[in-house]
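Below, each value reflects all heavy atoms present in this structure, side chains not excepted, and no hydrogens, waters or symmetry copies. Since this is a predicted model, take the numbers as computed values, not measurements.
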Number of protein chains: 2
Amino acid sequence: MNDKRQDKVTITEVAKHAGVSTATAGRVLGGYGYSRQEIKDRVKQAAEELGYRPNLLARGLITGKTKTIGVVAGDIQSPFYASILRGIADVTRAAGFGILLTNSDEQIERELEAVQLLREKQVDGLIIAPSDLSGSPHLQAAVRDGCPVVLIDRAIKNLAADAVCVDNRAASRDCITRLTDAGHRRIGLVAELERWEGGDITDFLTAVEDGALDSSTLFPSWQRLYGYIDALRSAGLPIDPGLIGRVGVYSSEAARKETQRLLERPERPTALFTADGLMSAAAMHVITSLDLQIPRDLSLICFDDLDWMSFIKPGIAAVVQPLTEMGEAAARLMLARVEGDGSKPQYLALQPKFAARGSIAAPLAL
Amino acid sequence: MNDKRQDKVTITEVAKHAGVSTATAGRVLGGYGYSRQEIKDRVKQAAEELGYRPNLLARGLITGKTKTIGVVAGDIQSPFYASILRGIADVTRAAGFGILLTNSDEQIERELEAVQLLREKQVDGLIIAPSDLSGSPHLQAAVRDGCPVVLIDRAIKNLAADAVCVDNRAASRDCITRLTDAGHRRIGLVAELERWEGGDITDFLTAVEDGALDSSTLFPSWQRLYGYIDALRSAGLPIDPGLIGRVGVYSSEAARKETQRLLERPERPTALFTADGLMSAAAMHVITSLDLQIPRDLSLICFDDLDWMSFIKPGIAAVVQPLTEMGEAAARLMLARVEGDGSKPQYLALQPKFAARGSIAAPLAL
DNA sequence: TTGTATGCGTTATCAC
DNA sequence: GTGATAACGCATACAA
């Protein structure tokens with residue numbers, strides 16, 4: 001019954017139809033200001049009849065609030081980000097907020113573009129898994145401009161923003177300790193350890209040795225490596241750099257290659273710790289193809305709980321991160337900021353659970 | 001160096017700073033209209049210095065285009081939607097579009113709210129996995145108002161919108177035929193078959209018998225059941241309703257329960273076909289817990305390829321849907337519509353691939 | 001309680 | 001080519 005194209009039903013039309021001014025129409029439709037019940041009914045009915053739908057662009061332009069928050073994820077396709085996103089979506093939706101989604105693929109250039117676009121679209125805040133933990137002037141600028149930023153999964157040095165993370169170091173230390181407690185002395189680690197500002201693995205090891213490292217602003221994988229070192233040290237075991245499988249590019253192939261290298265060493269590790277979901281899947285590939293029996297030939301603990309870990313042969317022990325909870329927490333923090341909460345930035349370190357399964361056993365006596 | 005709060009750097013400021021009118025400033029910054037090179041440089045420099053960032057709300061308000069498309073997914077947490085979303089995000093990003101994301105949880109009320117919100121936010125188009133395939137006046141209204149709609153995964157009767165689907169019926173028929181070719185005569189099916197407007201399974205069977213069913217506007221699971229029936233019929237096998245595991249609620253528990261029922265029948269099926277990822281994972285749970293050997297005790301084919309299917313014991317044969325491709329196709333169709341393409345709606349039926357793996361064998365002689 | 005007038009930051013339509 | 005000025009659809013200060 002309406003026009004052919006576009007929905008040209010503006011508040012002015014409704015006002016005319018109801019025989020009131022645009023101001024009053026706005027007041028009842030927008031839910032602000034006062035008006036008589038009779039007027040309210042008349043306006044609402046007119047709106048209904050005309051099929052009025054508020055233009056949130058116009059509202060946002062004037063109020064300065066869009067009720068939209070921007071999200072920069074690494075890769076929505078990964079179960080990790082998908083779950084976090086779910087958490088974010090749930091609490092924002094409940095509050096009437098929309099989410100504008102972008103992928104960064106963990107590349108800073110992408111992130112820059114994304115943040116630029118989101119801010120041009122006037123989002124009320126930014127929830128982001130940052131790609132650069134040391135500088136990030138674009139995020140500094142955001143908080144300076146009053147655009148709240150909530151970090152997820154990792155924190156940025158000297159950025160006045162909330163962060164929702166997981167205690168990776170402790171969780172990792174705990175895993176390795178379970179393995180040493182079971183009697184393992186050669187424990188391999190497979191992790192994506194692409195970039196650390198301080199240099200390579202050896203540099204990292206000496207930095208840890210010196211104790212001059214703030215683990216909270218490391219990338220999660222490095223934190224997990226940190227925990228691995230912690231555990232070995234307190235078990236009185238030496239760190240063998242050859243047992244640290246450093247995956248330089250975040251890909252299955254690279255992870256498989258590195259796992260294969262570890263498992264084909266002359267002195268094969270008796271236990272393996274994989275530092276994230278992609279590493280775990282890649283490791284399983286290799287383990288299966290080498291026909292190794294878990295846990296007889298190899299004990300295995302994975303960071304991140306993937307669905308197959310619970311129904312595969314003996315079950316794979318895993319660290320299960322509270323992913324949707326992280327998303328929810330991040331969103332709640334964000335909403336508080338948007339509502340004007342000016343208290344000092346929070347660093348939330350959630351505790352992951354450990355799913356004990358049949359993939360841990362004592363090493364085979366040689 | 002700028003103001004404390006908000007980014008009050010408007011085009012007016014830039015114009016003033018460059019000594020030109022807001023009109024010219026707008027022309028060079030917005031990239032429309034003509035202007036001298038000298039002026040261009042001056043304006044651009046002024047913008048740079050002041051840290052000008054265009055307000056896309058204002059632009060959208062006047063142009064009527066937001067360069068944002070709304071996406072209504074079922075559940076982003078599922079690998080299915082996550083992959084599709086990835087495809088959508090990639091092509092929209094390349095075109096400078098943003099995506100506003102919502103979950104419907106396959107509930108029509110949620111979908112209604114979502115579409116309402118998205119349209120109020122003035123998205124240029126809607127990509128949606130619809131929850132109701134028969135009416136959907138809200139989507140009819142959208143296309144009527146000139147807001148392009150692209151459907152994914154399933155199509156709606158009599159809606160003038162593009163749709164990107166997969167040929168579920170054919171793919172399913174193909175799977176079952178592989179099983180009958182291998183000699184199977186008792187083939188179980190586990191699928192979420194919650195709602196079909198025509199009634200229950202028996203009604204569906206007779207409707208299929210009568211041949212009076214448009215399979216393209218059925219929910220995917222029903223299409224897959226349709227293919228199952230197709231294959232059995234052309235193999236000359238009877239349809240045993242007891243072998244159709246109908247999962248009424250979309251949950252792992254329900255799926256497990258139904259699978260268990262099937263696999264504990266006195267005459268256990270010799271092969272199983274699971275109609276989607278959730279069903280497959282649930283089925284694997286049960287199969288493992290019953291200690292059934294694949295493919296000796298049971299052949300298995302799954303719809304949707306999950307990562308574990310390639311490295312679990314003998315490998316699980318699966319239908320692999322081109323998910324990111326679906327998302328990309330949907331986004332491309334959408335962009336074309338937004339650019340003004342007025343040609344008649346397209347129904348795209350992509351062909352899934354089949355990943356043959358070691359989960360199919362001849363049934364054990366009894 | 002209601003109406004008038006103005007402004008949000010752009011783009012679009014004119015004259016010049 | 002460039003500059004006033006009027007939209008876009010709504011919210012808000014102020015007057016009535």
Between D/dG3 (C1') and B/Arg36 (CZ): distance, integer Å: 13 Å
Is the CD atom of A/Glu339 crowded by more than 12 outside heavy atoms at less than 6.0 Å? yes
From CD of B/Gln122 over to C1' of C/dG9, roughly how many Å is that when rounded to an integer? 16 Å
Give the nucleotide from the list D/dG9, C/dT1, D/dG3 with an atom nearest to the side chain of B/Ala23. D/dG3
For A/Tyr34, does the OH atom have more than 12 heavy-atom neighbours from other residues, nucleotides or ligands under 6.0 Å away? no
Identify which nucleotide among C/dT10, C/dT11, D/dA11 has an atom closest to any side-chain atom of B/Thr63, counting heavy atoms from C-beta outward. C/dT11
Measuring to OP1 and OP2 of C/dT11, would you say a side-chain N or O of B/Tyr32 lies under 4.0 angstrom away? yes
Of the listed nucleotides C/dT1, D/dT2, C/dG9, the one nearest the side chain of B/Ser35: D/dT2
Looking only at side-chain N and O atoms, does A/Ser21 come under 4.0 Å of OP1 or OP2 in C/dG3? yes
I need the CG-P distance between B/Leu57 and D/dA7, as an integer number of Å. 22 Å
When you measure from the side chain of A/Lys8, which nucleotide among D/dG9, D/dA11, C/dT4 comes out closest? D/dG9
What is the distance, to the nearest angstrom, from the CD atom on A/Glu13 to the P atom on D/dC10? 10 Å
Minimum heavy-atom distance between A/Ile11 and A/Tyr52, given as atom pair plus value: N-CE1, 3.6 Å
How would you label the contact of B/Ile39 with the nucleic acid (heavy atoms, under 4.0 Å): base, sugar-phosphate, or nothing? sugar-phosphate
May I have the distance from A/Asp41 (atom CG) to C/dT1 (atom P), rounded to whole angstrom? 15 Å
From C-beta outward on A/Arg59, which listed nucleotide comes closest to its side chain: C/dT10, D/dA11, D/dA4? D/dA11
Distance check needed: C/dG7 C1' versus B/Leu61 CG, whole Å only. 12 Å
Find the distance A/Lys65:NZ to C/dC8:P and express it as a whole number of Å. 17 Å
Whole-Å gap separating C1' (D/dG1) and CD (B/Gln37): 13 Å
In terms of side-chain heavy atoms of B/Tyr52, which of C/dG9, C/dT10, C/dT4 is nearest? C/dT10
Under 3.5 Å, is there a donor on one side chain and an acceptor on the other for B/Gln37 and B/Asp41? yes
Axis-to-axis angle across the helix from C/dG3-D/dC14 to C/dC16-D/dG1, five pairs each end, nearest 10 degrees, ~ 40°
Among side-chain atoms of B/Asp90 and B/Thr92, is any donor-acceptor pair under 3.5 angstrom? no
Where the side chain of B/Asn55 is concerned, which of D/dG3, D/dC10, C/dG9 is the nearest nucleotide? C/dG9
Name the closest nucleotide to the A/Thr24 side chain, picking from D/dG3, C/dT2, C/dT10. C/dT2
Is a donor from one side chain sitting under 3.5 angstrom from an acceptor on the other, for A/His138 and A/Glu111? yes
Using a distance-only criterion (donor-acceptor N/O pair, under 3.5 Å, no hydrogens), is the base of C/dG3 paired with the side chain of A/Arg27? yes
Judged by nearest nucleotide, the residue sitting upstream toward the 5' end of DNA chain C, A/Ile62 or B/Thr22, is A/Ile62
Would you say B/Thr10 places a side-chain N or O within less than 4.0 Å of OP1 or OP2 belonging to C/dT10? yes
